[in-house]
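Notes for the one structure printed next.
Along the sequence shown, residues are numbered consecutively beginning with 1. Just follow the structure's listing: the first ligand is 1, and inside any ligand the first atom is 1.
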Amino acid sequence: MLYCWLMHEVGIARNIIEAAAAAVPDGGTLTGVTVEIGPLSAVVADSLRFGFEIASQGTPAQNAELVIVEVPLVVRCPACGDLESPNPDLLRCPRCGGDATVVSGDETRVTAVRYDEP
Ligand SMILES: [Zn+2]
C-alpha cells in the first residue's frame, strides 16, 4: 500500500522534473521549481516532496528546491458563480447546495522554474 502510494508521487515528481528541465536553457542549472497542487489532484504535498527527492537523484533537479503551493478548490455554480469550496468530496455549491463544476483544484502543474544562467 505504502509502495503504491509512493510510486504515484514519484511518477508525478518525474513529470515535474521533466517539465522543469525542459524550461532550462542549454548549460543552465536548475535551482528550483514551483508546483501548484489542488485538493482534487490526489497529490499529497509531503509525499510529493519525498517523491521529488527520490526522483531527482541523478537528474538536473537533484539540488533544486521544490516549492509546493496548495491551491484551493474553486467550483462554479450556475446560480452563484465561482466560489471556493471547503469540501473537495462534495462537488456542490457551498452557498446554495446546487450542482457545481470544478473551475480549479484538480491540477498538478509547474508554475515557475528557477535556474542559473549558463
Ligand atoms: Zn450556488
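Annotation: the span from N63 atom CG to L30 atom CG amounts to 9.5 Å, rounded to 0.5 Å.
Of all protein N, O or S atoms, those under 2.8 Å from the Zn ion (ligand 1) number 4.
Residues R92 and V75 approach most closely at O-CG2, 4.2 Å, considering heavy atoms. Minimum interatomic distance between Q62 and G58 (heavy atoms only, all atoms of both residues): OE1-N, 2.7 Å. When every heavy atom of E9 is checked against every heavy atom of S47, the shortest pair comes out as CG-CB, 3.4 Å.
Surrounding CZ of R76 are at most 12 heavy atoms belonging to other residues, nucleotides or ligands under 6.0 Å away.
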Hey, can you pull the donor-acceptor pairs under 3.5 Å for the side chains in residues 110-118, sequence neighbours left out?
unit_1: T111; atom_1: OG1; unit_2: T34; atom_2: O; d: 3.4
unit_1: R114; atom_1: NH1; unit_2: T34; atom_2: OG1; d: 2.9

